[in-house]
Visitor: 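Mind looking over this structure? Questions follow.
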There are 2 protein chains.
Amino acid sequence: MTTTMHMVASTAQPAMTSQNKCAVCSFKKLCLPLGLDEADVGRLDKIIGRRRRVARDENLYRMDQPFTSLYAVRFGHFKTAQVNPDGKQQITGFQMAGDLLGMDAIGAGRHACAAVALEDSEVCEIPFARLQELFGQVPQLLQHFHRIMSQEIMREQNVMLFLGNMRAEQRFAVFLLNLSARYAARGYSPSNFQLRMSREDIGDYLGLTIESISRLLSKFRKAGWISIDNRELAILDRPSLEALSTGVAAAQRNNVVEIRQAVAA
Amino acid sequence: MTTTMHMVASTAQPAMTSQNKCAVCSFKKLCLPLGLDEADVGRLDKIIGRRRRVARDENLYRMDQPFTSLYAVRFGHFKTAQVNPDGKQQITGFQMAGDLLGMDAIGAGRHACAAVALEDSEVCEIPFARLQELFGQVPQLLQHFHRIMSQEIMREQNVMLFLGNMRAEQRFAVFLLNLSARYAARGYSPSNFQLRMSREDIGDYLGLTIESISRLLSKFRKAGWISIDNRELAILDRPSLEALSTGVAAAQRNNVVEIRQAVAA
DNA sequence: CGGATTCTTGAAGTCGCTCAACGAACGTGG
DNA sequence: CCACGTTCGTTGAGCGACTTCAAGAATCCG
C-alpha cells in the first residue's frame, strides 16, 4: 500500500510513555482533556486509573453491572449493545479512540448496556467518584464533561432519526459517512477504512438484517459508490452517498412521482 | 366520571404562591431539586428565571436556536422533534410535568431539536450559566444533574431499542405502558389518561404511519386490551400489554413455529 | 353551523424479512 | 502446511408487515 496524506486507519498503538499521560495522548482533543491547561491535564492524569486492555469479543462491562468508572477508548473499537427480552440485540453505538464509554450508567448506578471490544483494544479507566471530586476544582473540566454528555444525547437523537424514518439505503449511507467523518476527525483517511464490526453488528445498529446489509454493500459497490473487499471499504462517490443520506434522492423520487401525477392528470 | 383513588391526569395548574418556588412545587421530586436540603432549594429558586407560558402548538424553542436555558415543565405537555432534510419529523420524546428540556443543546450551544407545546403549558426557565455557577456551590445539585442527563441517555437508548428491533404492536404496547408509568409516578391514574398528542405525533415517535397507529388502536380495542374514545384512553388488560411489550408474545410465536417444525419433522 | 383538521378503514403495493443454500474466510489442531 | 470445522458473508425466492393511496367519518373550532 502506498503512503498517503492521511494515516491509514489502523489500530496501531500510539507512541507513549510508560504512564498514561493525557498530555501526550494523541486523542486529547477528542477526549476529556479538551480545553484544559497543562496543570489541569496533570490533575486529570492523576485520577485516571490503570489502563486496561480488552481483548477482541471481551466485555469491558456487562449490562446491570455496578457502575464505578467511565472509560476513554485509547485505541481499538467497541460496540455498546442492549439486549431486549426476546433475545435480539440493539447496538446503540460504535466507539473508537477518544470516545467516552459508560455515561448511561451514571443515573442508575449500573450499566444499561454492555460494551464489547470489536478488536484488541485499550481504555483509560476513569473512576467516576474521583472525577466528581475534580469537577469542584477544575470548572473547565466540568463544562467539557457536560458538553460530552450533551453530545451523546445528540448522537443518539441522530440514531433515532434514521431508525425512525429513513429507508435502508439512506440509513446505510448515513452510517458510512458518519464513520468517514469520525476517522477524518482522528487524522485517518475519510475514504479508506476498515469496517471493524461484522455485518451482523451493522444490522443490529441500523435496525436491519445481516442479509440486508450484505445486499446494500453489493448494491453500493455495483453502483460505483464504494468498493468493498471483505471489511476493507473505500468511498468512491461521496456526493452520491451524501445525496442519499440527506434524503435528496428520496425528494427526487417524490418529485418524479409528482411529475408523473401531474402528467397523468 | 366518578372520583378515583388517583388524581385524574388533567393539566390543572398546581396550587402555588405568586413566586415559582421549587419548595412548594408538586413535582420537585421528579425535577432538579431532588435530594437538596431546604437551603439549597432556596438557592436554586433564586436563579430560576421567569415562568414562561407556552400556548398549544407554540415553540418553546426551535431547532438551531442559540442555547441559553434549560426548561423544567411545570404543567402541560411538550414534544421534542427533529426535522430531517426531506421534511419528515422524528419525535425524540414527549415531556410532561417535572421533565427537563434542552439538555441536547449544551454541547453545541444551539438546540438540536424543537420543543413544541402539545397543549397550553408552563415551564420554569433555568439559565444554564447561572446553574453552572450554582454547581460549584451545591455538589448535590451537580450530582443530580448528572443523573438526569444520564437518564436522558438511557431513555433514548430505550427508544433506539424499540425503533431498531420491535414490531409495530410491541412498540405501541411499550409506548402505552411508558406513558402509564410516567403518569403513575406523578400521582395520576396509570390506567386512565388522555393522549395529549395526535396520532401523527405518536407515529412520528414510534417510526410508524398515522394509519398504522389508528389500526393499532382499533386492534387493541377490539382485543379488549384498552378502551379508546378519541384521545381518552383506558388500559383494560395490562398483563397482555406487558406480555406484548416484553416480547413474550413474540417468543411464544417463535415457540409455536418451532413446535410446528418439530411436528412436521 | 361549516370548513378544516384529524381520524378511521379498506385495497393495493413495496420494502425489507425469512428461509435456504452456497461460498469464502478464519483459526485450530494435526 | 493442509485439512477441517466453524463462523461469516453472499445471493436468490417468496412472503409478510407496514406503507401508500384513497375515500369517507368524526371532531374541532372559529
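Note on naming: letters A, B, ... go to the chains in the order of the sequence lines (proteins, then strands), and numbering restarts at 1 for each one.
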Visitor: Counting only heavy atoms not in B:R62 (residues, nucleotides, ligands), do more than 12 fall under 6.0 Å from its CZ?
Guide: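 Atom CZ in B:R62 is not packed in, count stays at 12 or less.
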Visitor: Note the angle between the end axes of the helix from C:dC1-D:dG30 to C:dG30-D:dC1, five pairs defining each, rounded to 10 degrees.
Guide: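 It works out to 50° between the end axes.
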Visitor: With heavy atoms under 4.0 Å as the rule, sort A:G203 into base, sugar-phosphate or nothing.
Guide: nothing
Visitor: Atom CG of B:N165 to atom P of D:dA17: distance rounded to whole Å?
Guide: 17 Å
Visitor: When you match A:G207 and B:S218 each to their closest nucleotide on DNA chain C, which lands nearer the 5' end?
Guide: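 First, find each residue's nearest nucleotide; the 5'-ward one identifies B:S218.
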Visitor: Counting the atoms with a prime plus P, OP1 and OP2 as sugar-phosphate, which does B:L208 contact under 4.0 Å by heavy atoms, base, sugar-phosphate, or nothing?
Guide: sugar-phosphate
Visitor: Record whether the side chain of B:R215 comes under 3.5 Å of the base of C:dG10 through a donor-acceptor pair of N or O atoms.
Guide: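 Check passes, donor-acceptor contact within cut-off.
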Visitor: Expressed as a whole number of angstroms, how long is the span from B:F220:CZ to C:dT8:P?
Guide: 14 Å
Visitor: For a side-chain hydrogen bond (donor to acceptor under 3.5 Å, both in side chains) with A:N84, tell me which candidate from B:N158, B:T246, B:N165 qualifies.
Guide: B:N165
Visitor: How close do B:A55 and B:A117 get, counting heavy atoms only, and between which atoms?
Guide: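 Closest approach of B:A55 to B:A117: O-CB, 3.4 Å.
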Visitor: Can you name the atoms? Protein N/O to nucleotides 5-7 of chain C N/O, anything below 3.5 Å, with the distance.
Guide:
unit_1 : atom_1 : unit_2 : atom_2 : d
C:dC7  : OP1    : B:R231 : NE     : 3.3
C:dC7  : OP1    : B:R231 : NH2    : 3.2
C:dC7  : OP2    : B:R199 : N      : 3.1

Visitor: Without decimals, in angstroms, what is the distance between B:I228 CD1 and D:dT27 P?
Guide: 12 Å
Visitor: Let me know the distance between CG of B:D229 and P of D:dA25, rounded to the nearest Å.
Guide: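 From B:D229 CG to D:dA25 P: 19 Å.
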Visitor: Strictly below 4.0 Å: does B:R56 bring a side-chain N or O up to OP1 or OP2 of D:dC29?
Guide: yes
Visitor: Between C1' on C:dT18 and CD on A:E211, what's the gap in Å once rounded to a whole number?
Guide: 7 Å
Visitor: Would you please indicate yes or no on a ring centroid separation below 6.0 angstrom for A:F172 and A:F220?
Guide: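 When the ring centroids of A:F220 and A:F172 are compared, they turn out to be within the sub-6.0 Å range.
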Visitor: To the nearest Å, give me how far apart CD1 (B:I213) and P (C:dT9) are.
Guide: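 Answer to the nearest Å: 14 Å.
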Visitor: Have A:H111 and A:Q65 got a donor and an acceptor in their side chains that come within less than 3.5 Å?
Guide: no
Visitor: B:L206 has an atom CG; how far is it from atom C1' of D:dA17, in whole Å?
Guide: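 Value for this atom pair: 16 Å.
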Visitor: Contact between A:L233 and A:S227 at the side-chain level, heavy atoms closer than 4.5 Å - yes or no?
Guide: no
Visitor: Base of C:dT8, side chain of B:R221 - is there a donor-acceptor contact under 3.5 Å?
Guide: no
Visitor: Would you mind checking if A:R56 and A:E119 are paired as a salt bridge, meaning a charged N to carboxylate O distance below 4.0 Å?
Guide: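 Answer for the salt bridge query: no.
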Visitor: Among the candidates C:dT8, C:dG10, C:dC17, find the nucleotide nearest to the side-chain atoms of A:T209.
Guide: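 Of all the options, the side chain of A:T209 is nearest to C:dC17.
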Visitor: Do B:E169 and D:dC18 share a donor-acceptor pair, side chain to base, under 3.5 Å?
Guide: no
Visitor: A:L216 has an atom CG; how far is it from atom C1' of D:dG12, in whole Å?
Guide: 16 Å
Visitor: Considering all heavy atoms of both residues, which atom of B:Q90 and which atom of B:D204 are nearest to each other, and what is their separation?
Guide: NE2-O, 3.2 Å
Visitor: Examine A:F193 together with A:Y188 and report whether their ring centres are nearer than 6.0 Å.
Guide: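 No - the distance between ring centres of A:F193 and A:Y188 does not fall below the 6.0 Å cut-off.
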Visitor: Does the separation of the ring centres of B:Y205 and B:F162 fall below 6.0 angstrom?
Guide: yes
Visitor: Nearest to the side chain of B:R167, which nucleotide is it out of D:dC18, D:dT20, D:dT11?
Guide: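 For B:R167, the side-chain atoms sit closest to D:dC18.
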